[in-house]
Number of protein chains: 2
Amino acid sequence: MPAAPAADPLVDALVQASFATMAVLTKAAADADLSLTQLRVLAILRDRRLRMTALADYLGLEKSTMSGLVDRAEKRGLLARAPNPDDGRAVDVLITVAGAEVADRGAAEVARALAPLTGALPPADRRRLTDLLVRMIGTPLA
Amino acid sequence: MPAAPAADPLVDALVQASFATMAVLTKAAADADLSLTQLRVLAILRDRRLRMTALADYLGLEKSTMSGLVDRAEKRGLLARAPNPDDGRAVDVLITVAGAEVADRGAAEVARALAPLTGALPPADRRRLTDLLVRMIGTPLA
DNA sequence: TATTGTTATACTCTATAACTATA
DNA sequence: TATAGTTATAGAGTATAACAATA
């Protein structure tokens, strides 16, 4: 009998695939001199304008953490703060033109770096995997 | 035409699923008062004894980073250092009984917390997804 | 009073560079 | 000389707590 709890093969595969994917994403971010979180923020703001709190909730971070992240990205000219027109307390965060360019290059690099992984499967299997992942993600976490 | 590069549906699904999985793993680690990296180290050493360098390579970290990680885990009684019998320069890292217990509880918590995600699919789809992920991961990265 | 965001503080994670000890 | 590991240092990411401004 194994000392460790019996493993669920799907859990194992999902965790391993996630670590492999995160390694690729982290590397792609580092190539752009960004942390994974920074690249993620840029990707999220690529086509949205969000308040600090909404962004923090989206990422599962504390608002004080968001302040630091936005501070650093703002200093680099990738993001900008703007007052929220409807709530005097709120601060909107926007991506700059330079930030959008970095986000686009990052997304392209992610797709390129992930290709050896995703491209390993024949087209029919790629479609099946995509469908299964989408259906799995679609289920909200408890 | 979209301003952002055209997205690959599989890349998108994989990235989203990975972030969702990482969020669960990070939360499970935090519940045990560990960082994700610490929990991962414990999981790796659950049934192995590795030298510092091997561990660092495995995790994709610098050796100095490993020193810090092992220092903190050792201080908490979760890991221990031992001289390598074959190489006077090398240091082996071992998991302690307390560390193994924490690792087991963490693994169980990960499986439990991931259940809403993995359990969303019927058994046949779970098997298909597992198979596809395993085949995808099996391909070494470029 | 409650919410939004910032600031102060502390700790972990991470890397680079310089160092010691062994091979 | 080359490799294994530690230490010093620095910066980013993260959280908690206290605070100011607005609702």
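Below, each value reflects all heavy atoms present in this structure, side chains not excepted, and no hydrogens, waters or symmetry copies. The structure presented is a predicted model; accordingly, all values stated were derived computationally and were not measured. Note on naming: letters A, B, ... go to the chains in the order of the sequence lines (proteins, then strands), and numbering restarts at 1 for each one.
- Candidate nucleotides C/dT7, C/dA21, D/dG13 were compared by shortest atom distance to the side chain of A/Gln38, and D/dG13 ranks first.
- With C/dT4, C/dA8, C/dT16 as the choices, the nucleotide that has an atom nearest any side-chain atom of A/Ser64 turns out to be C/dA8.
- Salt-bridge formation is detected for the pair A/Arg135/A/Asp131: a Lys NZ or Arg NE/NH1/NH2 atom is positioned less than 4.0 Å from an Asp or Glu carboxylate oxygen.
- When the nucleotides C/dA21, D/dT6, C/dT6 are ranked by their closest atom to the side chain of B/Arg89, C/dA21 comes out on top.
- Closest approach to the A/Arg51 side chain among D/dT6, C/dT14, C/dG5 is made by C/dG5 (side chain taken as heavy atoms from C-beta onward).
- Picking from D/dA4, C/dT4, C/dC13 the nucleotide with the shortest atom distance to the side chain of A/Lys63 gives C/dT4.
- If you take CE of B/Met66 and C1' of C/dT12, they are 14 Å apart, rounded to a whole angstrom.
- The pair B/Asp125-B/Arg128 meets the salt-bridge criterion, since a charged nitrogen lies less than 4.0 angstrom from a carboxylate oxygen.
- Position along DNA chain D of the nearest nucleotide to A/Gly68 versus A/Asp86 favours A/Gly68 as the more 5'-ward residue.
- Distance B/Leu59 CG to C/dA15 P: 10 Å, rounded to the nearest Å.
- Atom pair A/Glu62:CD and C/dA8:C1' shows a separation of 15 Å (rounding to whole Å applied).
- Residue-level contact check: B/Gly88 touches the backbone only, with heavy atoms under 4.0 Å from sugar-phosphate atoms and none from bases.
- If you measure from atom CG of B/Asp57 to atom P of D/dG5, you get 10 Å, rounded to the nearest angstrom.
- We find that CG of A/Asn84 is positioned 13 Å from C1' of D/dA23, with the value rounded to whole Å.
- If you check every strand for non-hydrogen atoms under 4.0 Å, A/Thr37 touches sugar and phosphate atoms only.
- The nearest whole Å value for the distance from the CG atom in A/Leu39 to the P atom in D/dG13 is 12 Å.
- Among the heavy atoms of the strands lying under 4.0 Å from B/Asp87 are primed sugar atoms or P, OP1, OP2 only; no base atom is included.
- B/Arg49 and B/Asp92 are joined by a salt bridge, as a carboxylate oxygen and a charged side-chain nitrogen come within less than 4.0 angstrom of each other.
- The nucleotide whose nearest atom lies closest to any side-chain atom of A/Ala90 is, among C/dT4, D/dG13, C/dA15, C/dT4.
- Residue A/Ser35 is in sugar-phosphate contact alone, with no base atom involved, counting any heavy-atom pair closer than 4.0 Å across all strands shown.
- With respect to A/Asp71 and A/Arg81, a salt bridge is recorded, a charged nitrogen being found less than 4.0 Å from a carboxylate O.
- When rounded to the nearest whole Å, the span between CZ of B/Arg72 and C1' of D/dT6 equals 14 Å.
- Across D/dT14, C/dA15, C/dG5, the shortest atom-to-atom separation from the side chain of A/Thr65 is found for D/dT14.
- We find that CG of A/Asp71 is positioned 14 Å from C1' of D/dT14, with the value rounded to whole Å.
- A salt bridge links B/Lys27 and B/Asp31; the closest N-O separation between the charged side-chain nitrogens and carboxylate oxygens is under 4.0 Å.
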